[in-house]
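One structure below.
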Number of protein chains: 4
Amino acid sequence: MGKRRVGVGVLGASGYSGVELVRLLAAHPGAELRAAGSRQFAGVPLGRVWPVFADAQVVLDDDPIDPAVWMDRGVEVVFSALPHGAFAARAAAFLEAGLRAVDLSADFRLRDPLEYERRYGLAHAAPDLLGSAIYGLAEWCDRDALGSARLVANPGCYATAILLAALPAVAAGLWSGAPILVSALSGVSGAGRSPALGTHFVECGTTAAPYKVGEEHQHLGEILQAIAGTCGGVTGGTGGHAPAASNDAPLVFNPHLVPMTRGILADVAVPLARPLERGAAIEIYRERYAGRPFVRILGADALPETRHVLGSNRADLAVRTACSGSLLLVFAAIDNLGKGAAGQAVQNWNVMSGWPESTGLARDGWPCA
Amino acid sequence: MGKRRVGVGVLGASGYSGVELVRLLAAHPGAELRAAGSRQFAGVPLGRVWPVFADAQVVLDDDPIDPAVWMDRGVEVVFSALPHGAFAARAAAFLEAGLRAVDLSADFRLRDPLEYERRYGLAHAAPDLLGSAIYGLAEWCDRDALGSARLVANPGCYATAILLAALPAVAAGLWSGAPILVSALSGVSGAGRSPALGTHFVECGTTAAPYKVGEEHQHLGEILQAIAGTCGGVTGGTGGHAPAASNDAPLVFNPHLVPMTRGILADVAVPLARPLERGAAIEIYRERYAGRPFVRILGADALPETRHVLGSNRADLAVRTACSGSLLLVFAAIDNLGKGAAGQAVQNWNVMSGWPESTGLARDGWPCA
Amino acid sequence: MGKRRVGVGVLGASGYSGVELVRLLAAHPGAELRAAGSRQFAGVPLGRVWPVFADAQVVLDDDPIDPAVWMDRGVEVVFSALPHGAFAARAAAFLEAGLRAVDLSADFRLRDPLEYERRYGLAHAAPDLLGSAIYGLAEWCDRDALGSARLVANPGCYATAILLAALPAVAAGLWSGAPILVSALSGVSGAGRSPALGTHFVECGTTAAPYKVGEEHQHLGEILQAIAGTCGGVTGGTGGHAPAASNDAPLVFNPHLVPMTRGILADVAVPLARPLERGAAIEIYRERYAGRPFVRILGADALPETRHVLGSNRADLAVRTACSGSLLLVFAAIDNLGKGAAGQAVQNWNVMSGWPESTGLARDGWPCA
Amino acid sequence: MGKRRVGVGVLGASGYSGVELVRLLAAHPGAELRAAGSRQFAGVPLGRVWPVFADAQVVLDDDPIDPAVWMDRGVEVVFSALPHGAFAARAAAFLEAGLRAVDLSADFRLRDPLEYERRYGLAHAAPDLLGSAIYGLAEWCDRDALGSARLVANPGCYATAILLAALPAVAAGLWSGAPILVSALSGVSGAGRSPALGTHFVECGTTAAPYKVGEEHQHLGEILQAIAGTCGGVTGGTGGHAPAASNDAPLVFNPHLVPMTRGILADVAVPLARPLERGAAIEIYRERYAGRPFVRILGADALPETRHVLGSNRADLAVRTACSGSLLLVFAAIDNLGKGAAGQAVQNWNVMSGWPESTGLARDGWPCA
């Protein structure tokens with residue numbers, strides 16, 4: 001990368017993914033944070049909203065923002081960490097103004113606007129853009145497509161963990177087609193920063209709580225789309241066969257909230273078409289992710305834990321077999337705000353910029369965090 | 001129950017299950033705690049080991065204890081909360097001295113001493129007693145057998161949650177025989193009180209950690225035995241067909257430690273022989289547990305959380321179906337120290353004593369615990 | 001107490017103090033919960049708002065409630081766990097309808113309505129009632145006054161811990177008059193159940209946060225009033241000399257929020273008029289609280305912890321001296337929802353009813369909570 | 001700094017301060033980690049002991065280590081994160097071999113070997129070295145002394161927070177000499193990594209626990225020494241007057257363990273010789289720390305929280321007055337493993353190396369950690 005830093009702006013900078021974007025971009029050798037927006041804290045210096053930053057000079061702009069104003073301030077790329085529904089209506093304005101965009105919400109992940117409407121309960125505000133958006137699951141993206149993308153839909157946190165775990169088996173034709181079963185655990189930051197009873201310390205601090213189990217979670221849409229290989233710009237999957245209607249979903253997903261701040265752990269059980277030994281299974285995963293800096297395949301004697309990836313952009317995977325080799329068990333840990341959100345967004349932007357994908361991103365995590 | 005209180009003694013009273021036994025027995029109208037043993041804190045008043053008790057007068061005896069001495073002090077029933085291996089060698093002496101025993105360890109849960117040796121890595125010290133021990137999964141026990149039992153093996157905490165969730169489907173012949181998949185979460189008290197790196201606050205306080213996944217966890221032995229219907233004194237199961245060797249286990253179990261003190265949550269996915277609708281599935285569970293005070297089947301709009309059962313002897317179950325009804329999803333929450341240990345031990349003792357099974361036990365839990 | 005149960009009602013039953021009142025009253029041999037009110041969950045069965053209760057049949061009434069309606073349903077005593085400002089306006093109606101009331105808010109704690117206005121930022125709605133309200137710090141109340149009270153102001157959680165720690169020295173004339181210094185820690189339930197950014201798990205789950213330090217916390221009003229001995233119905237204090245204006249407050253109070261659900265721990269440093277030895281200091285406290293079931297004075301080798309009092313109505317105190325005996329250090333632990341709120345409310349009601357003050361209340365706490 | 005990286009070694013690398021040293025040194029542009037020692041995990045790659053590091057190639061050496069061997073491997077500076085007592089006996093060997101040393105234990109903090117023996121219960125193994133060791137409280141060190149030091153005693157975590165808060169008032173002659181009162185809260189990592197009952201999640205995860213209160217904590221020695229201005233290489237303090245015997249300690253210190261992984265928060269109350277207004281007090285602190293990158297004096301409307309400094313080397317201080325200005329209240333937050341241990345060690349080493357003191361150290365912390 002050259003010496004010039006690219007001007008970047010962050011929408012939704014006061015939220016958890018937003019503040020992680022700010023942290024990562026501040027440390028990124030190719031980025032200069034020129035602007036940040038917030039509906040709630042407009043006019044407040046970022047360092048007051050997030051006192052963890054000692055020197056943050058950026059004052060939060062009142063959002064919605066006029067893309068032209070950010071252009072004038074040198075913003076070339078916008079990262080949106082707004083809730084779903086918010087960026088869809090405004091993406092076109094940013095793109096037309098000449099900016100590139102990485103959207104961390106669900107707005108541009110699904111190809112089908114009706115599927116979006118069904119999953120998220122609102123009509124899509126920019127269906128025309130769905131066809132050109134790239135689904136930025138970095139390790140599975142077509143590099144050229146991602147490199148030239150103007151609009152990248154950053155995958156959901158659960159989706160990232162589950163797909164990194166399931167896709168190697170699916171893409172290699174190992175999956176029998178019987179339902180994939182997923183149980184996953186998330187830290188509370190995954191629920192967002194808006195105060196709600198469910199994220200009150202007393203309500204979630206000493207409990208394990210399943211929610212939206214079975215076929216209810218909205219991330220199922222993007223997961224099934226990726227498994228079917230029909231995401232924008234993503235290779236792999238079963239080869240383009242669309243998954244069946246959702247009441248026949250070939251994947252059952254039971255998410256849980258557990259009392260930790262960050263982290264996602266996913267247990268992914270993939271029924272296999274033919275028996276596989278543990279060593280062979282591990283090898284398939286090692287080969288698939290060889291050379292990819294942010295996926296680590298653990299050995300036969302280790303299992304991932306969320307604490308091992310906190311603060312990093314890494315996904316840790318352990319691969320096991322059960323039932324005489326007829327069932328593949330993959331355990332995946334990511335930082336939901338890292339590889340599951342802001343980290344992957346920066347990783348995608350690195351590819352979009354022609355830089356090494358690990359630029360400004362940590363493989364190592366925070367010990368004792 | 002009459003006015004007379006029965007003298008009881010607790011072995012391993014300084015541990016987490018032990019202290020919960022002390023708490024429950026202190027509040028039990030039919031019990032009088034006459035003695036408690038501890039290797040580590042012998043000679044120390046219980047109220048110093050557990051300052052949460054303001055008035056505990058019992059001084060911990062040096063363990064091992066001579067059953068005759070406890071008999072002289074009026075102990076008629078011994079509850080053992082010692083680690084596995086410890087009570088096996090001493091059970092005969094207690095029984096021969098005329099006491100009845102409820103053992104909370106794994107020592108008398110498995111019928112087959114070789115299976116015990118394989119799962120726990122040590123030869124069984126009292127194989128002769130295995131045949132007469134009753135597996136005290138209270139809701140599935142033969143009441144007459146339990147009522148007249150002299151030695152009850154209290155089920156493991158995970159096993160209790162999983163079996164309460166799986167057995168109604170298995171016993172009703174709904175299970176297809178394809179592998180049952182379980183992901184379960186446990187609070188840290190499940191790991192016992194002996195200091196270890198894995199239970200250090202810094203190591204487990206901010207992480208989700210799978211362990212002994214697939215077919216490795218020692219509780220699989222008793223779970224498979226109960227599913228096969230071959231436990232001592234337990235009805236239900238598939239009707240006596242022993243499960244296959246463990247490398248063909250029809251149940252895959254992925255346990256995790258999460259940062260909470262108490263509680264177990266189990267996701268149990270049972271492949272069905274024929275499709276079932278959610279309402280019908282719920283009804284089957286409601287009927288099976290009708291009249292049982294400690295199992296609550298939640299409605300179609302609720303899911304269990306561990307915080308809702310803390311401090312109680314209750315199991316909360318939610319029943320769902322997925323994959324067009326071909327997969328049954330049961331979510332179960334218990335307090336690992338309550339229904340998963342000390343509570344169920346007291347429940348078993350109530351039946352052994354001919355009292356209502358809920359005597360001295362709470363259906364309600366602790367709010368905001 | 002006779003066999004008749006007294007009908008009780010709880011206002012604000014969906015909050016944390018309210019639910020603890022429900023728990024305690026359900027277990028109280030003299031109480032029958034006839035009604036409960038809630039603005040937010042009107043019409044919802046209590047067992048749905050708080051699934052921890054398996055059998056709660058009470059349906060929450062729409063609040064505000066007509067006292068006559070509750071009278072018709074047999075409510076004789078109302079416990080109000082509403083936020084401050086809410087019960088002040090309605091207390092007269094309840095009292096005039098013939099009910100007795102225990103108010104857990106700050107509304108009737110201060111004798112001076114201007115002090116109330118200054119501390120809480122709103123004019124007092126019922127200044128006429130202030131003179132007759134009893135400040136229900138149970139161990140310091142005049143028994144006859146409390147026994148015949150129709151309106152009891154339950155002390156604040158911090159105030160309870162601090163006053164139990166400071167008053168024995170003050171009342172014995174040991175205090176020099178130099179500023180008493182208090183640092184105190186509270187669990188998050190003390191901040192109430194209304195969702196707010198400050199009680200979001202991510203914001204408070206991994207931090208220690210001082211707030212309203214020095215002379216800012218609103219509880220200072222009742223603390224200083226009690227130290228001056230001018231509370232309604234309370235003996236002790238310095239003998240009736242009103243404390244100086246608050247900018248000369250003889251007590252500095254630094255509260256902190258720490259990541260736990262329940263519990264208050266207070267460090268109270270009292271400058272002494274003349275040096276005192278540790279043993280003598282402990283003895284003074286032991287004598288003052290002799291025979292009081294809910295205050296435990298620890299020995300010279302123990303210190304209180306909040307976990308030792310969770311779920312109980314107990315206060316644990318340790319007494320130390322420093323600086324060659326010129327400074328008294330008292331450490332106090334209570335359960336903010338127990339002795340700091342609902343427990344003490346029930347304790348007060350016991351005295352109001354002529355029952356033993358420990359009726360229905362636990363000295364022992366919850367182990368491993 | 002030049003392009004050459006200096007070879008560094010870490011003793012006690014498997015502990016919490018040790019792993020933080022490894023993290024910081026790995027990111028330090030002037031350091032190259034050449035060796036790390038561990039008694040417990042000798043022969044194990046660091047990345048297995050701490051899986052949070054994806055690429056750590058260093059294999060832990062069996063400790064005790066021969067300094068000559070480390071010299072041969074290019075180690076020029078040794079950081080010791082061993083428990084107290086361990087490095088004292090070996091420091092001379094490292095120094096004589098030509099290495100410089102930063103010791104994070106208490107071994108070289110006290111000038112008086114008898115005071116060391118009294119505080120730590122063991123005779124000092126290298127009293128001859130005490131005179132030349134520099135007490136590395138970076139903001140208070142004589143720069144020349146620190147710059148040329150061969151042996152630096154890194155201050156204790158509590159001591160760092162308390163001294164940064166108290167010394168400006170003391171050094172400016174504002175302190176009246178009446179006892180300074182300190183209440184402080186520590187995360188559990190401060191208790192070290194060796195498993196013990198007190199750091200078991202179940203024992204410390206839901207409680208606030210005072211310990212070693214009053215005049216008992218061993219850090220009082222170095223705190224009093226610094227206040228008296230008699231530390232090696234430290235300016236400030238009262239000007240060289242040794243503090244009185246410890247039973248007349250002019251500082252009372254009540255530490256507490258609270259359920260968080262990292263962080264120290266200290267409330268420091270300094271009686272003033274003459275009244276001071278809040279604004280003037282803040283200004284004194286701002287002037288004292290002007291230009292120092294790792295101390296931030298908050299404004300009149302903010303208070304420090306431990307979460308705002310996690311992962312950073314920053315200390316956040318808020319300054320208030322109470323009691324009509326006669327009492328100064330200073331609140332200080334640091335990361336006990338950062339500014340309280342490894343961060344300050346690196347800061348000291350930067351000065352020892354003639355580099356900017358902030359080289360390789362973060363002012364910003366980790367959001368949502």
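Residue numbering restarts at 1 for every chain, and letters A, B, ... go by the order of the sequence lines.
- Annotation: side chain of C:Arg262 is not in contact with side chain of A:Val202 (no heavy-atom distance under 4.5 Å).
- Within 6.0 Å of CZ in C:Arg363 there are more than 12 heavy atoms belonging to other residues, nucleotides or ligands.
- When the candidates C:Cys204, C:Ser189, C:Gly205, C:Ala196 are compared by the number of heavy-atom contacts under 4.5 Å with chain A, C:Ala196 comes out ahead.
- Residue C:Phe201 holds its CZ atom at 9.0 Å from CE of A:Met260, rounded to the nearest 0.5 Å.
- Contact of C:Thr261 with chain A is made through backbone and side chain together, with heavy-atom distances under 4.5 Å.
- In this pair, C:Tyr16 and A:His200 present their aromatic rings perpendicular. The plane angle is above 60°, beyond the 30 to 60° band.
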